[in-house]
Number of protein chains: 2
Amino acid sequence: MANGGKRQARKIPEATVSRLPLYLRSLLEVANDGMPTISSERLAEMSGVNAAKVRKDLSYLGSYGTRGVGYDVEYLLFQMSRELGLTHDWHVVIAGIGNLGHALANYAGFHERGFPIAALVDADPRVIGTEVNGIPVRHIDELPAVAAIHQIAIGIIATPASAAQEVADRMIAAGVSSILNFAPTILSVPPDVSLRKVDLAVELQILSFYQQRKTATDRVAHVAADAAPPAT
Amino acid sequence: MANGGKRQARKIPEATVSRLPLYLRSLLEVANDGMPTISSERLAEMSGVNAAKVRKDLSYLGSYGTRGVGYDVEYLLFQMSRELGLTHDWHVVIAGIGNLGHALANYAGFHERGFPIAALVDADPRVIGTEVNGIPVRHIDELPAVAAIHQIAIGIIATPASAAQEVADRMIAAGVSSILNFAPTILSVPPDVSLRKVDLAVELQILSFYQQRKTATDRVAHVAADAAPPAT
DNA sequence: CTTTGTGAACGGATTCACAGCT
DNA sequence: AGCTGTGAATCCGTTCACAAAG
């Protein structure tokens, strides 16, 4: 009776949440190979983390392992899918059908992993009415209707930076409450809306930082504008 | 003389490094508007972080601000570009010219921000010889030659997961020492190679976790396979 | 008086190491 | 004996708050 009416909502740390999808992927692979159980050690290796972290992370979901044995793959898969909200598909809308939006609309990985693209919207009359991957591009003014019909809770922004905030506002007005932003700009959203961002150029800039420290170990301030000398 | 021959390599925390590109973006915007200086407060707001963090982060680069005034925009831009290794362009190779690779090859943001795409490689004979954005797709066997000619240090992997590790190995053998991986798989690379990953579906799965907690506040274990009920 | 730069306090995440269960 | 689950220790990053500088 200790845990009666109210389901205890365990507080899962953000860092753990962002690793759960990695574990899920590894588990799917293992399940495919027919392995019935898996140790934290092996799961860690497959997911690119260390074993202690895996155990701690999984312990936030509950005590689903068996000491001396490991974790039951199917059971853990089920629990993890449930926790991640992946027991049903999430329909997604993509706004901005330029290069990137186009590619995202064609990307099979979304559908495969439970995020079918239900709708595409743009503001440019030249692309409206065209189809990408069998999905017609609608005008962004139709977003409220489209979102309601398809029960869309998750939106992807692939517009130019200049349009992104406006598009985000309209998505939110249309009932979208989770947004993945690819536009290179900071968005502000109300606290009840989840926002994640992926900035492709930023990733390269971060790599550049470390790369630079490798190749330019012992130069002083001297900044050369021309190409770096070839490595031996 | 305390800081003589050896340039003191300040140890910049990873978290800070990953924010520098955001500051850089904000600074470019501010410079464009002709503002001569900027306060940590304003820079923070534009970059979506808080002011104390901005000051701490910038302090790792050096004491480039003026108390009572703020930071000189141009000077800070210069220092930050230098620190990030963005005083020259970095030529990039993309491996895997499917949907995603195609889009990345067309993405103008890379070139604009100092990462021109110098080469494209794939293994599929059907795409080899075609051009994307004016760049010919070469066979991956030519990677060593291509990488050497263009002095490529940074590679992007946009292949299917099954090919990614092999491609990474070949890139590294060809002298690439920073990799951005879009394939949904864990790569192992030697410690001197920098690796970052972007998994598009994982981002959506993380959003799904939080989204699920919003819409499914008070159900117990009861997992329904059909669509969620409409709000209100 | 304004705003930086930074020690100090705090909090979250990772790792350690071992008790507890099978 | 083998492996999980978890307190305790540690590390890293964030925030606070104020002295120092203009």
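- Within 4.0 Å of A/Tyr64, counting heavy atoms only, lie sugar-phosphate atoms of the nucleic acid but no base atom.
- Using a 4.0 Å heavy-atom distance criterion, A/Arg42 is classed as making no nucleic acid contact.
- When the P atom of C/dT6 is taken as reference, atom CD1 of B/Ile12 falls 14 Å away, rounded to whole Å.
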- Show the numbers, then the answer: is there a salt bridge (charged side-chain N to carboxylate O under 4.0 Å, His left out) between B/Arg55 and B/Glu41? CA-CA 9 Å; B/Arg55 291 200 298 275; B/Glu41 189 83 43; 5.7 Å; no
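- B/Tyr75 has its OH atom 15 Å from the C1' atom of C/dT4, to the nearest Å.
- Taking side-chain N and O atoms only, B/Tyr71 has a distance below 4.0 Å to OP1 or OP2 of C/dG5.
- Phosphate proximity of C/dT22 to A/Thr66: absent, as no side-chain N or O sits under 4.0 Å from OP1 or OP2.
- Across every non-hydrogen atom of B/Val176 and B/Ala153, the tightest pair is CG1-O, 3.5 Å.
- Neither OP1 nor OP2 of D/dT14 sits under 4.0 Å from any side-chain N or O of B/Asn50.
- The nearest whole Å value for the distance from the NZ atom in B/Lys53 to the C1' atom in C/dG11 is 13 Å.
- A sub-4.0 Å separation between OP1 or OP2 of C/dT6 and a side-chain N or O of B/Arg67 is absent.
- In this structure, of C/dG20, C/dT6, D/dA19, it is C/dT6 that holds the atom nearest to the side chain of B/Ser59.
- Closest to the A/Lys56 side chain, of the nucleotides C/dT4, D/dT6, D/dT14, is D/dT6.
- The side chain of A/Arg55 approaches D/dT6 more closely than any other nucleotide in the set D/dT6, C/dT14, C/dT4.
- When each of C/dA13, C/dT6, D/dG5 is scored by its nearest atom to the side-chain atoms of B/Ser63, the top-ranked nucleotide is C/dT6.
- When the nucleotides D/dT6, C/dT14, D/dC16 are ranked by their closest atom to the side chain of B/Ala52, D/dC16 comes out on top.
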